[in-house]
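The next block holds one structure in the form of structure tokens; read it before the comments.
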Amino acid sequence: SGRWARAMAILKELEGKCATPIGKLRQVADAMTVEMLAGLASEGGSKLKMLISYVDNLPTGDETGLFYALDLGGTNFRVLRVQLGGKGGNVLKQEFEEVSIPPNLMVGSSSELFDFIAAALAKFVASEGEEFHLPVGRQRELGFTFSFPVKQTSISSGTLIKWTKGFAINGTVGEDVVAELTKAIERQDLDMRVTALVNDTIGTLAGGRYYDNDVAAAVILGTGTNAAYVEHAQAIPKWHGLLPKSGKMVINMEWGNFRSSHLPITEYDQALDAESLNPGEQIFEKLISGMYLGEIVRRVLLKMAEEAALFGDSIPPKLGVQFILRTPDMSAMHHDTSSDLRVVGTKLKDILGISNTSLKTRKLVVNVCDIIAKRGARLAAAGILGVLKKQGHDAAARDGSDMQRRVIAMDGGLYEHYTIFSSCLETTLRELLGEEAAASIVIKLASDGSGIGAALLAASHSQYL
Ligand code: ADP
Ligand code: MG
């Protein structure tokens, strides 16, 4: 019928606009490298902030003692404690708790959010068992993973540049987030000091390095997306401080804010961006990360409902609700292997109130998921190539001069659970690097390595050292 033809036309157009042929991905990778250089050259030199983390040494394995970590940056936050045994990189004991953040606190006031977090932290500290040992007379120390763009002023202080990922809290931008947390900790009568402020990428890098010496970069693919890597301190013109002894500095790229004319952007992405909490920002993140993939699919399906009556004569009202289709549900539909696409049918019914869909329609929905997920995965691979290029690994590996193993520590629910996404990313990276170079580059899933990483950095920046 004409309606079906129209739906197919929308699909074809989407496919064309989202296309990421290898040549385009190379342009994206090159643009990433160029922006990295510009961001390192001067403050505000690029959309890529290339933030200096003040981490000039990664964990060695010699860290000892009891340390806490707090991870804030998505829909959940986690509190964690570890007892580090030193030599040989031993984590003697580790415990964590996960608490979801009430949505109203994500758009409320700063003190309410920090009070909620500090209260959960105090409760967790109160449950500390005998296996954990704090030497007499010492204060507990904490590594704070705060996964929003922060301008660090030292390893343990920094001001918030902007909120992302659905957070929008008044009065925190420009404030020192460690001071905010410290005040809230004091309001709980908890005796604890924040000795390291890091981003989840930095935490993942530190945690990854603790277990594997070849880790030189970290990538997050979760609610949002970001990357961090080890840079030569001399290659950071905007750094005017003393050169660190190690000669190295970890850079938090904030690559979610990357944008380039080479990115394949559709009308759906433009509308999503315009209606978002942060229009014009985090464009790369809006193409790639878990917060947005399902929402892009919803927008495509809505267009198909409106212009091709895909789901019947009237438009299913729920299809008009922003963020109703979450990426885990998109992923479940995409991975449906049943012959009648039963999961797709159930999800459409349960989430969008669309019942009795035909197999043909379900297949079309899967096609939309496939286009959106693979575009995101391939662009993420291009981003990784950009980082490897900046570090000189791709060429070095290709001309055979340096076939040293390189590991990218990866974390995030999107990468961990969305198998089609992660396999597509890996295949694409291999395609971009070529088989030979790809053989020396490993992506290693470091689930929640950032918690341990933050605790390790709290240890290496302890007030008692
Ligand atoms: P955060 O990024 O908030 O720290 P995670 O790393 O745990 O948290 O990632 C959570 C995100 O991962 C979710 O917002 C969601 O987008 C994505 N995600 C979680 N489970 C799945 C899944 N089964 N399939 C696809 N994406 C998922
Ligand atoms: Mg996380």
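Excluded from the calculations below are hydrogen atoms, water molecules and symmetry mates; all remaining heavy atoms, backbone and side chain alike, are included.
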Exercise for review: Evaluate whether atom CG of Asn170 has more than 12 neighbouring non-hydrogen atoms of other residues, nucleotides or ligands under 6.0 angstrom away.
Suggested key: no
Review point. Using the ring of each side chain (for Trp, its six-membered ring), is Phe146 parallel, tilted or perpendicular to Phe114, with breaks at 30° and 60°?
Key: parallel
**Study point:** Flag if over 12 foreign heavy atoms under 6.0 Å of CZ, Phe116
**Key:** yes
Review point. Distance-only, no hydrogens or angles: does the Ser450 side chain make a donor-acceptor pair with backbone N or O of Gly453 under 3.5 Å?
Key: no
Check your understanding: Parallel under 30°, tilted from 30 to 60°, perpendicular over 60°: which one fits the rings of Phe421 and Tyr418?
Key -> tilted
Check your understanding: Ion pair present between Glu35 and Lys47, side-chain N to carboxylate O less than 4.0 angstrom?
Key -> no
Practice item. Report yes if the side chains of Ile351 and Lys318 come closer than 4.5 Å at any heavy-atom pair, otherwise no. Key: no
Check your understanding: To the nearest 0.5 Å, how far apart are OG1 in Thr204 and CD1 in Ile220?
Key -> 3.5 Å
Check your understanding: Do Met36 and Trp255 have side-chain heavy atoms sitting under 4.5 Å apart?
Key -> no
Check your understanding: Do Leu51 and Ile161 come within less than 4.5 Å of each other through their side chains, counting heavy atoms only?
Key -> yes
Check your understanding: Taking it one step at a time, do Leu456 and Val82 satisfy side-chain contact (heavy atoms from CB on, under 4.5 Å)?
Key -> CA-CA 9 Å; Leu456 288 162; Val82 287; over 6 Å; no
Review point. Which atoms form the tightest heavy-atom contact between Thr145 and Ala454, and what is the distance?
Key: OG1-CB, 3.1 Å
Review point. Could Asp313 and Arg3 be called an ion pair, given the rule that one side-chain N must be under 4.0 Å from one carboxylate O?
Key: yes
Check your understanding: Is the number of heavy atoms from other residues, nucleotides or ligands under 6.0 Å of Lys238 NZ greater than 12?
Key -> yes
**Study point:** Considering all heavy atoms, the nearest Ala184-Asp115 contact
**Key:** CB-OD1, 3.7 Å
Point to revise | Ion pair Glu231/Lys390, N-O distance below 4.0 Å | key: yes
Point to revise | NE2/His335: more than 12 non-hydrogen atoms of other groups inside 6.0 Å | key: yes
Check your understanding: Strictly by modelled atom types, are Asp30 and Thr33 linked by a side-chain donor-acceptor pair under 3.5 Å?
Key -> no
Review point. Is Asn199 close to Ser53 at the side-chain level, that is, under 4.5 Å between some pair of heavy atoms?
Key: no
Review point. CG/Leu142 to CG/Leu457 distance, rounded to the nearest 0.5 angstrom?
Key: 12.0 Å
